[in-house]
Every structure is written in structure tokens, then in C-alpha cells.
*Asks:* 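I'd like to ask you about the structure that follows.
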Amino acid sequence: MLITVEEVCQELKIAKSTLYQYCSAGLVPVIRVGRRLRFDKDQLLNCFTSGDFEKARRGKVSLIK
């Protein structure tokens, strides 16, 4: 099932800018539909529960707000 940026942010309780940083850094699997971003809910869940995401995030993305 594909979900929107807004749905991901609401589910994960993160800002859109944070999600866009994750996408730019290649930390989350994203599907481009035209200019819009969509996310496969199952792939996203696997990404965040694998433990690899946290390791990659610490090394690649600055989350300074």
C-alpha cells in the first residue's frame, strides 16, 4: 500500500523536512510518482525496524532543527 508524505510524517511523528532529508540521503525507500513522493508502507516499516536505518542515519544525516 502506498502512502503519502503527510501520512508518513504523521505515523512517525517527524517533520516533513526531516523526511525529505532522509529521502535525499537515501535512507528510506521512496517511489516517485511524477513530482510527488510515495512510500510503500511495508518497505518503510522494514526500513525503520531493521536497525540499519539508525546506524545509517547517525552517519549521514544531521537533524539540527
Side-chain angles (χ1 to χ4, degrees):
M1 177 169 98
L2 295 181
I3 58 176
T4 65
V5 169
E6 290 79 11
E7 291 170 323
V8 172
C9 292
Q10 184 178 23
E11 189 74 25
L12 298 177
K13 296 177 178 50
I14 60 174
K16 284 184 185 181
S17 60
T18 302
L19 181 59
Y20 291 137
Q21 286 179 344
Y22 291 165
C23 293
S24 294
L27 296 177
V28 294
V30 62
I31 300 165
R32 292 196 179 271
V33 179
R35 293 185 59 190
R36 301 181 189 273
L37 301 179
R38 295 292 183 260
F39 303 85
D40 181 284
K41 193 170 184 174
D42 293 331
Q43 285 182 344
L44 202 59
L45 179 61
N46 289 338
C47 174
F48 282 97
T49 58
S50 70
D52 293 335
F53 171 80
E54 190 62 31
K55 292 175 193 172
R57 184 184 67 83
R58 288 183 188 164
K60 290 186 179 180
V61 177
S62 172
L63 297 178
I64 299 171
K65 291 186 176 184

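For reference, positions follow the sequence shown, starting with 1.
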*Asks:* Would you list the atom pairs, donor with acceptor, under 3.5 Å between side chains in residues 23-39 and any protein atom, with sequence neighbours excluded?
*Replies:*
unit_1 : atom_1 : unit_2 : atom_2 : d
Ser24  : OG     : Tyr20  : O      : 3.1

*Asks:* Find the distance between CG (Leu44) and CG (Leu2) and round it off to the nearest 0.5 Å.
*Replies:* 11.0 Å
*Asks:* With sequence neighbours excluded, tell me which residues meet salt bridge (Lys or Arg N to Asp or Glu O under 4.0 Å) with Lys16.
*Replies:* Glu6
*Asks:* Can you list the residues that meet the side-chain hydrogen bond (donor to acceptor under 3.5 Å, both in side chains) rule with Glu7, with sequence neighbours excluded?
*Replies:* Thr4
